[in-house]
Structures are given as structure tokens and as C-alpha cells.
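For reference, the structure discussed in these notes is given below.
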Amino acid sequence: MNGVLIIDKPAGLTSHDVVNRVRRILQQRSVGHLGTLDPMATGVLPLVTGNFTRLAQFYVNSEKTYEGVIRFGFSTDTYDAEGEPTSEPKDVNLQSDELESVAARFRGVLNQTPPPFSAKKIKGVPAYKLARKQKEVTLQPVQVEIKQLEILRVDADLVYFRARVTSGTYMRSVAHDMGKALGCGAHLQSLRRTTAAEFSLSDALTLEQLAAAAGKFCVARASTPPIMEAAFREETAPVILQPLHEVFIHPRKLLPQLPCVTADELSAARIRAGRTVNLPELSRARQVKVFASQRDLIAIATRVAGTLFHAKLVLGVT
């Protein structure tokens with residue numbers, strides 16, 4: 001099965017845990033995700049299956065939006081609530097005006113140092129593996145852009161926020177660095193991803209709902225690890241029984257910045273064979289999504305000259 005589906009990731013699971021769970025539910029090996037979420041984080045985790053895993057290259061630089069809570073008063077080694085404290089706790093009672101002043105420094109383009117407990121690699125080794133062994137972790141700053149950082153509410157030492165950021169931005173680092181700026185330490189208390197690229201929570205379903213749609217609810221529950229059982233108990237969304245293909249994002253909604261074209265049988269055959277095709281109605285487009293039917297996305301084609309297009313990526317038959 002080729003497609004894109006959006007999982008509402010529960011807290012306590014890694015993104016790879018979710019991928020493995022979905023592989024078992026769908027009985028399909030070819031499953032990947034379009035952007036890691038920390039284990040403590042919840043929310044939008046886009047997954048690609050089958051030949052659609054090849055679409056990942058188009059989502060490398062996708063924007064994300066988050067809502068979360070920063071706790072001020074002490075920092076941790078992981079920059080979140082799961083880590084060990086690295087500073088003495090302080091009593092803080094923050095005011096909205098001082099938070100707004102600090103938040104303003106974190107809007108726009110800036111150089112951000114990733115957390116030591118992150119997937120960034122040092123000489124081929126993920127930083128978190130070195131950090132767990134208490135080895136020195138020195139990561140270079142990376143240029144990111146925080147397009148929106150809105151302070152929603154301030155409650156003593158807790159600050160509720162909404163953020164829209166470019167790919168590669170760590171909200172854990174934002175929390176840690178804001179604590180340093182205020183001189184009291186801080187860490188990320190909770191985080192929920194609300195959008196990633198064109199996908200939002202309205203597109204998402206839980207692992208429980210996916211298993212039900214696949215007709216494997218009992219199997220999924222029987223083999224679910226304890227930490228996921230806790231997530232299931234906390235999940236309040238109803239199990240929605242619907243055909244499995246309907247839980248996937250409609251292919252025409254993918255990559256909305258690219259126009260769609262439905263090829264005739266001859267053109268579709270040429271595209272699948274890696275040959276150029278003439279698409280005069282899309283002479284101004286640089287890239288297009290080519291369909292063989294309403295749902296059958298067969299290729300992403302690039303204009304090579306005039307109205308001639310060549311398949312940059314052939315996806316085959318869904």
C-alpha cells in the first residue's frame with residue numbers, strides 16, 4: 001500500500017517505535033516518517049508507506065508548528081522534563097512583559113545549538129549516545145528560523161506558548177536558552193506538534209484508530225508494550241471504524257504547492273518508462289504531480305524545456 005497517513009503520536013514512544021507499530025498493523029515493511037518527534041512530545045507525525053517513502057525528499061525543509069509549556073526555575077541535561085536537573089531550583093514568578101521581552105530575542109533567523117541529547121551526529125555517532133555515556137558533547141550552532149513565538153499565558157513558573165518554526169529547530173533549546181536569558185534556568189515541560197508541512201491534527205488518527213481500521217485491534221492491543229498501554233488508557237478519542245484506504249491522506253492533497261495533471265493512458269505509460277511527455281496546459285509550472293486516475297499518483301515530473309516534462313520521481317501504481 002502506497003500512501004501518507006498522519007499519526008497523533010502519544011507521549012512515551014519514539015518516532016521509530018510508532019513506525020514499527022504501524023509496520024505491524026499494516027503488515028508492511030516499507031514505512032517511514034517525515035520528521036522526528038521527541039519521545040515526550042505528542043501530535044502530528046506524518047508517515048509514508050510503500051513507494052510513497054520516496055516523497056520524503058520533498059518534506060526535508062517543512063515548517064512545523066507547536067504548542068507547549070516551558071517551566072522556569074531550573075534547567076535539565078536533556079532540556080526537557082525527562083532529564084536530570086543541572087541547576088539549583090529557584091522560585092520564580094514571571095510576568096508577561098518580561099517574558100515578551102525575552103521571547104522577542106528568539107523570533108527570526110538565529111543560530112541555535114542543538115541539545116546534547118539529540119540525534120545530531122558527532123563523527124557519525126548520535127549525540128544522545130555520547131551524552132548517555134556522560135561523554136563530552138560539543139555541537140555546532142545551526143541556523144534556524146522561528147517565524148512565530150507567541151506567549152499564550154504565564155502562570156507563575158509556567159509559560160504556555162505557540163511556535164511556528166523551520167525544519168531543524170529544537171523547541172527544547174528555545175526553552176533552555178530562554179531560561180539562560182532570564183538567569184533562572186528553564187526546560188520544556190510538554191510539547192505538542194500541531195502541524196507539519198500541509199498536515200495538521202485534523203488529519204491525524206491514533207494508533208488505536210489505525211489498528212481498528214486495519215481490522216487488527218485485538219492483535220495490536222495484545223502485543224502493545226506497557227508504555228503504549230498507558231497511552232491507550234489516556235486516549236479519549238473514539239475508535240472510528242472506516243475503510244483502511246480512507247485513513248490515508250488523499251494523494252491530490254499532498255504537496256499542495258505543485259499543480260496536478262491527469263495523464264492519459266499513453267502519457268502515463270511514457271512517464272512510468274522514464275520518458276518525457278508533453279503537458280501544454282502546465283507550461284509555466286516547474287514541477288507537477290502526475291496522476292493516472294483520481295487517486296493514482298504515479299510521478300512527480302519536472303519541466304525540462306517548454307512544455308516537455310520528465311519524471312523526477314516515479315511512484316508507480318498505488
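Counting begins at 1 with the first residue of the sequence.
- Formation of a donor-acceptor pair under 3.5 Å by the Thr307 side chain with backbone atoms of Leu279 is not found in this model.
- Side-chain atoms of His310 come within 3.5 Å of backbone atoms of Gly274 as a donor-acceptor pair (strictly under, hydrogens ignored).
- A salt bridge is defined here as a Lys NZ or Arg NE, NH1 or NH2 lying under 4.0 Å from an Asp or Glu carboxylate O, and Arg192 with Glu67 fails to meet this definition.
- Lys9 places a side-chain N or O within donor-acceptor distance of the main-chain N or O of Pro39, the cut-off being under 3.5 Å.
- Nearest heavy-atom pair, Ser200 versus Ile6, reported as atom, atom and distance to 0.1 Å: O-CG2, 4.3 Å.
- With contacts defined as side-chain heavy-atom distances shorter than 4.5 Å, the pair Val48/Val31 does not qualify.
- Sparse packing is recorded around CG of Asp91, with 12 or fewer heavy atoms of other residues, nucleotides or ligands lying under 6.0 Å away.
- Under the 4.5 Å side-chain heavy-atom criterion for grouping Ile, Leu, Val, Met, Phe, Trp and Tyr, Leu308 is not connected to Ile298 through any hydrophobic cluster.
- The shortest side-chain heavy-atom distance between Leu158 and Val69 falls under the 4.5 Å cut-off.
- Taking the centre of each ring, Phe199 and Tyr59 come in below the 6.0 Å mark.
- A distance-only check finds no donor-acceptor pair linking the side chain of Asp177 to the backbone of Val174 [under 3.5 Å].
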Check: Hey, mind stepping through Leu210 and Glu208 against side chain to side chain contact (heavy atoms under 4.5 Å, CB included) and telling me if it holds?
Finding: CA-CA 5 Å; Leu210 176 63; Glu208 185 178 30; over 6 Å; no
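- Distance alone, capped at 3.5 Å, places no donor-acceptor pair between the Gln27 side chain and the Arg24 backbone.
- Taking CG of Leu297 as the reference point, atom CG of Asn2 lies at 9.5 Å (rounded to 0.5 Å).
- Taken together through direct or relayed side-chain contacts under 4.5 Å among Ile, Leu, Val, Met, Phe, Trp and Tyr, Ile146 and Leu182 form part of one hydrophobic cluster.
- At most 12 non-hydrogen atoms from other residues, nucleotides or ligands lie less than 6.0 angstrom from CD of Glu88.
- Separation of atoms CG (Leu152) and CG (Asp155) is listed at 13.0 Å; rounding is to 0.5 Å.
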Item checked: side chain to side chain contact (heavy atoms under 4.5 Å, CB included) between Thr42 and Arg193, worked out -> CA-CA 6 Å; Thr42 66; Arg193 184 191 281 168; over 6 Å; no
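- The side-chain heavy atoms of Phe309 and Thr302, taken from C-beta on, include no pair separated by under 4.5 Å.
- Within the 3.5 Å criterion, the main-chain N or O of Arg162 finds no donor-acceptor partner in the side chain of Gln148.
- With contacts defined as side-chain heavy-atom distances shorter than 4.5 Å, the pair Ser267/Asp264 qualifies.
- Nearest heavy atoms, Met171 versus Val165: SD-CG1, 4.0 Å.
- Of the N and O atoms on the side chains of Thr65 and Thr194, at least one donor lies less than 3.5 Å from an acceptor on the other residue.
- Rounding to the nearest 0.5 angstrom, the gap separating the CG atom in Leu47 from the CZ atom in Arg23 is 10.0 Å.
- Heavy atoms of other residues, nucleotides or ligands lying less than 6.0 angstrom from CZ of Arg107 number more than 12.
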Check: Which is it for Val159 and Leu94 under the side chain to side chain contact (heavy atoms under 4.5 Å, CB included) test, yes or no, and what are the steps along the way?
Finding: CA-CA 8 Å; Val159 174; Leu94 302 169; 3.9 Å; yes
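- Grouping the Ile, Leu, Val, Met, Phe, Trp and Tyr side chains by contacts below 4.5 angstrom, directly or via other members, places Phe74 apart from Met178.
- Heavy-atom minimum distance, Cys184 versus Val92: CB-CG1, 3.8 Å.
- Counting only heavy atoms from C-beta outward, the side chains of Ser167 and Lys64 approach each other to under 4.5 Å.
- Salt bridge Asp296/Arg272: present, at least one basic N to carboxylate O contact under 4.0 Å.
- From Leu188, atom CG reaches atom CZ of Phe161 across 5.5 Å, with rounding to the nearest 0.5 Å.
- By the 4.5 Å heavy-atom criterion applied to side chains, Gln287 and Phe58 are counted as neighbours.
- Using modelled atom types, one side-chain atom of Ser30 and one backbone atom of Gly50 make a donor-acceptor pair closer than 3.5 Å.
- Not one N or O on the side chain of Arg295 forms a donor-acceptor pair closer than 3.5 Å with the backbone of Pro251.
- Note that CG of Leu201 and OG1 of Thr195 are 8.5 Å apart. Values are rounded to the nearest 0.5 Å.
- Both Val18 and Met1 sit in one connected hydrophobic cluster of ILVMFWY residues. Membership requires side-chain heavy atoms under 4.5 Å apart, directly or through other members.
- By the neighbour-count criterion of 12 heavy atoms within 6.0 Å, atom CD of Gln257 is densely surrounded, having more than that number from other residues, nucleotides or ligands.
- Contact between Ala81 and Met40 at its shortest, heavy atoms only, is N-SD, 4.3 Å.
- Arg172 pairs in a side chain to side chain donor-acceptor pair (under 3.5 Å) with only one of the listed residues (Thr78, Thr76, Asp38), which is Asp38.
- In plain terms, the two heavy atoms of Ala186 and Ala175 that are nearest each other are CB-O, 3.4 Å.
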Next item on the list: In sequence, state the C-alpha distance, the side-chain angles, and the governing distance for Leu55 and Leu313, and then conclude on side chain to side chain contact (heavy atoms under 4.5 Å, CB included).
Entry: CA-CA 8 Å; Leu55 292 174; Leu313 182 68; 3.9 Å; yes
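- Separating the CG atom in Asp77 from the CD atom in Glu82 is a distance of 11.0 Å, to the nearest 0.5 Å.
- Looking at Glu63 and Arg164, a side-chain N of the basic residue comes within less than 4.0 Å of a carboxylate O on the acidic one, giving a salt bridge.
- Both the sub-6.0 Å distance and the 45° axial angle are satisfied by Arg153 relative to the ring of Tyr160.
- With a 4.5 Å cut-off on side-chain heavy atoms, Val261 and Lys289 do not count as touching.
- There is a side-chain donor-acceptor pair under 3.5 Å between Ser87 and Ser75.
- Asp8 places no side-chain N or O within donor-acceptor distance of the main-chain N or O of Ala204, the cut-off being under 3.5 Å.
- Looking at every heavy atom in both residues, Gln294 comes nearest to Arg252 through O-NE, 2.7 Å.
- A single hydrophobic cluster is seen to contain both Val102 and Tyr66, as judged by linkage of ILVMFWY side chains at heavy-atom distances under 4.5 Å, directly or through other members.
- Under the 30°/60° scheme for interplanar angles, the aromatic rings of His176 and Tyr79 are found to lie parallel.
- When side chains are defined from C-beta on, Thr169 does not count as touching Glu145, because their heavy atoms never get closer than 4.5 Å.
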Donor-acceptor pairs under 3.5 Å, side chain of residues 109-117 to any protein atom, not counting sequence neighbours: which ones?
from: Gln112; atom 1: OE1; to: Tyr170; atom 2: N; distance (Å): 2.9
from: Gln112; atom 1: NE2; to: Tyr170; atom 2: O; distance (Å): 3.1

